[in-house]
Structure formats: C-alpha cells, structure tokens
Amino acid sequence: MREYIIKTLQKALKADDISLESPKDLKHGDFSSNIALIRAKQEKKNPRELAAEIKGIIEKHDKGNIFEKIEIAGPGFINFFIKNSFVKECLKEVLEKNGTYGSNDLGKGTKVIIEFVSANPTGPLHIGHGRWAAIGDSIANILDFSGYKAHREFYVNNVGRQVNLLIESVKAAMNNAPVPEDGYNGSYIKDVGELAKKESPKDLKKFVLNTMLDSQKQTLSDMQVCFDEWFFENTLHDSGEVKKTIELLKKKGATYEKEGAVWFRSESFGDDKDRVLVRENGDPTYFAADITYHANKFKRGFDLLINVWGTDHHGYVKRLQSALEAIGLPSHKLDIIIGQLVALYRGSEPVRMSKRTGEMITLKEVVDEIGKDAMRFFLLMTSADSHMDFDIELAKKQTLDNPVYYIQYAYARICNIIKTGGIDIPSLKGTDLGLLVEESERELMMKVLDFPEEVKICAKTMQPHHLVRYSRELAAVIHSYYHKCRVICDDRELMKARLILMESTRIVISNMLKLLKVSAPERM
RNA sequence: GUCCCCGUAGCUCAAUUGGAUAGAGCAUCAGCCUUCGAAGCUGAGGGUUGCUGGUUCGAUCCCAGUCGGGGACACCA
C-alpha cells in the first residue's frame, strides 16, 4: 500500500524523492510526508505555502480515489488520510499473493554471498556464534524475499597454527601428556581424543577437524541454520590462489620485505599499521588467505559480499578493505556487519560457566535448554550493534513473559478462528469487505499492510530485528482486536468479511515467521 | 595510548535512519473469563534520552568534547 501511494505521489509531483512516514499519532493521518519542509529549504520558500501547493496538485491528480483527505500540519507536514475502500483493495492483494506477499524486487536479481559464523574448527560454538548465525541466516532469507539471490557460506579455517595446536592438544590428551603451550584443554579435547583412540583413523588431523566441524554443523542445524556451502581454506592454498594474490599485490607495488617477511602497505590505505602477508618461515598468513578468499568470492560472480563478524574482528575490517582496493577490487561491495557480544544471565545472575562441565557454556547447551524458536527469536530481537543481555530463564519460560509465545499464540488463535469458521477461504471471493467498519479493524488492516515495508527496511539496513519488533506490534493489535470484535457470529456476511481479515493476518504472520525461521504453530 | 560498539522508564529493549506529545514488554497498582484459546485484554503510575556545547524550522539520531561500560590493537585465526 505504501509503495502504491509513493508511486502515485511520484507521478503526481513528477519527482522520485518522496519519503512517506507512518505517524505515531492517528491525528496525523495514515501517512505523512515532509517533502514540503525539505523543498522549502532548497527553494527558500515558505514551507506551509509550498505544502498547500503540493496538496493541490495531489488532490487534482488523485480525483478522490485513494485519499479521504489531505491536511497540512505543523511546520509544513502533509498528512494523508487513506480511504477505507482503498485499504480494502490492498487487503485483497494479501490473499492473492499469499506466500509471496511482502516480497519485493529491491535486489533485482543481485547475486549476494553472505558469509557468517565461520568459527574456527578448534572448539565448540558459543552464544555469540549463535547470534551471528541467527542474524546471518535471517538476513539471507530476507534478501531472498527481496529479489536477491543469496548464497549462505561458512568459511572453515582448517589451516594454520591454531589447527596444529588443536591436533597437538588432542595427541597430548590421548597420551595423557600435558597440554602444549598455548594449546587447547577443554573437555571436548579429551572427548575427541577418546573417539580417535577408539576409531584409530589413518589421518588424525582430518579426523579431528571433521569431528569438530560435525559438532558445529549439528549445533547450527539444531538452530535450523543452513549453509549452501562450507568453504575450506586449504583449497585456496592447494590451488595456488594464495600465492597468486601475493604476487598480484607485489606487482601492484603494495608490498615490501622487512625482517625476512613480506608486508602489505595497509597503512597507506588508512589502516593503523602495515600487515604481514608471508611470514619469515615462508608460510602465508591468515590475512593473505582471507584476501584471496574475498577475491575468490568476486571471481565466483557475486555482486555483493556480506560478512557477519563478531566485534572481536572489527580491527580486521580496514586491512581487508585496503587489500581489496590494492588489487583493484570494489571494496565498497563488501559490507561487513559487526555483531556485538552476548552476555548470558539466569535471571539476574551472570552465566559464564557451564554447570555440567565448569567450562565456558556452549551454544549447544543453551539451544538444548531453551529450544530453537526462543533461541532464534531472542537472538534476533535486538539490533546487532547493541550489546545483548540474554536471560536463559526468561527465554525458557512458556508464559506470557516470553515474547515468542505471544506471537505464536496470536497465530494459533487466528488459525483456530478460521477453523471454527469452517468456510473455505477461496469461497470467500466476492465477500463485501465494506462491512469491516470498526476502528480496531482498520487498525489491524493497516498493520497487516505494513508488512512489505518492514521487509524492505530489513533488507535495506540488513537488520532483521526490525521484523521482530513488527511481529510484536502486529501480535498486540491482533490480541486487542480479538477482544473487541467477534469473528464467528450470526451475521454470516460480516463473519465472512472478518474471516478474510483473519486469513490475511495469518498469511502475514506466517510469511514473517518464515523469514525468521521461527515456527508458526496452528495449535499450542 | 589508538580504533570500534553501547549508554533511553526500576529491568530488558524500540524509536520507520533528522520529524510532530520518546514507545513496548517485564516489574508495580486497579479492573475483565457463561460467547471464536485468559499463553489474552483494558487502564494507571513511571523520562532533563550519561553530561556539555554545536549544526537547523526541528536532534535519542549528525558534529566536537567529556564521563561510564564492553571489545579490538600478533609473523593467532
């Protein structure tokens, strides 16, 4: 609906810089625009006079189709009141489009690769990984829904010092030897060691890495996070691509040698300092491989690169962008979302250690305890760049305290009403929506019709939490409506009209929860 | 010391990316079950948006500074 109105305004005013807001105060109409305020500044005119001019043009153009009335208010806002008949036309669109309602073509087929989690295979995932997982996965869903072609990828760092340390640590555990310096010593190391003893694999390194990776895969799968591809770092070394990247940087004059190592001049690109590409011992650094990896993403034909990283990697952003620039790749097409860390609580008590193992609590333990739906919902509830306090006790509650159930309950309620109504939805065609005259009905319709805009906001900002906020608002309107209006009633025509409203609401919740991958139960 | 993020109601978070009287949930208090699911609804109280300046018709949002919390500053990944 909003989109249609914007298009109408664009046509009427022959301009494309139309912005439309949804005012908080009903007195300010269904939509409002600050266009007169902005133009008045540019053209140095009186904003209210300009607003009146604009209002005249729009009214002439509209001929009473969409707008009930248009008002000028405050310093020069133009407030639009939408005709009920038009709202109901839009409601029909929800039923027609059904599962695709809310989708858009923002991406215009852009191939986008979204890389997320990419944890080292040296240990179990933690709650922070869960956050990047939920965010990355949902962004990918939203982008797919917005006309992009999203490719979900996990980069496996199966090369380097940390991996060697992991293997040495496992070996030590198998022989009851002390943990190597800087090695790993969690209980999972012993577990893998036991397993390796039992199976005595030919290639211990391969076995350990696979075991670690499988356990990460399992945890992610428990959260219903899926990847199109698991990209292994070693393939970049094996194919010689890493060497090629280093040669290319050398050729571009972006490197120099010092103390036996090859350095990249990242400082001249605005980074804090220069960075090593090839160590004194001749091994390329992780950084060198990562430049190659991102070059490889472009080579595979992706037009847009999105990475979801933990805040502990933020210092890494500048050097990667610098390196891409140095080899002539469009670094502005790399969008890195930095997610802040998650602090776990039980009630007001901070949780760091696992009760069972006495070590850092793992993602798996939390997912096992509270379940996939609450997990995803809570991790998606807040903006990625705000620090997050995650209360396990609250997420676990199956009561009204828990916002997940609030939404799911609204869905189950609607499903039950539709079921009780006992009328086939398709047979409701031709129903007179003009019978929906209650204020609460209009409120619900407007909220339902807002869905496509919310999807767009998420796609544009790459922040799925907007959708979660919307889901709570929508559920609140639904519950309120439920108490104000009865759907199942003796007036059969009215009932049919209200069933259509229920069905379109159901469709929106269903589409929305699919994007978040939170289940929508018909019964609870 | 340098860089990034955050600071909003007692608590956890929003605020359509510069819009009109800063909103929800929890907690507190007062109401609502003979009718489609009370896992719900209705209402009340609760604020100098950490602080100080600046930019403009307008700032929670942008800029400068300052205080507090978190994180990062490897020839680790």
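First the proteins, then the strands, lettered A, B, ... as listed; each starts at 1. Fair warning: this is a prediction, and the values are worked out from it, not measured in the lab.
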Quiz item: side chain to side chain donor-acceptor pair (under 3.5 Å) between A:Arg469 and A:Ser383: does it pass, once the steps are laid out?
Solution: CA-CA 10 Å; A:Arg469 172 192 44 74; A:Ser383 149; over 6 Å; no
Rounding to an integer number of angstrom, what distance separates [N] and [M] when you compare their [atom1] atoms?
N	M	atom1	answer
B:U28	B:C62	C1'	38 Å
B:U8	B:A24	C1'	13 Å
B:G19	B:G58	C1'	7 Å

[X] side chain near [N] phosphate (N/O to OP1/OP2, under 4.0 Å):
X	N	answer
A:His466	B:U17	no
A:Thr311	B:C6	no
A:Tyr406	B:C41	yes
A:Arg472	B:G23	no

Quiz item: Does the aromatic ring of A:Phe77 sit over the six-membered base ring of B:A20, closer than 5.5 Å centre to centre and tilted less than 30°?
Solution: yes
Quiz item: Does A:His28 lie flat on the base of B:A20, that is, centres under 5.5 Å apart and planes under 30° off?
Solution: yes
Less than 3.5 Å between a donor and an acceptor, one on the side chain of [X] and one on the base of [N], is that the case here?
X	N	result
A:Asp312	B:A77	no
A:Lys27	B:U21	yes
A:His387	B:C5	yes

Exercise. Report the residue (A:Met388 or A:Asn120) whose heavy-atom-nearest nucleotide on RNA chain B is the more 5′ of the two.
Key: A:Met388
Quiz prompt | A:Glu439/A:Arg442 ion pair, N-O < 4.0 Å | solution = no
Quiz item: Are any of the side-chain nitrogens in A:Glu3 or A:Lys456 under 4.0 Å away from the carboxylate oxygens of its partner?
Solution: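 Salt bridge between A:Glu3 and A:Lys456, a charged N being under 4.0 Å from a carboxylate O: yes.
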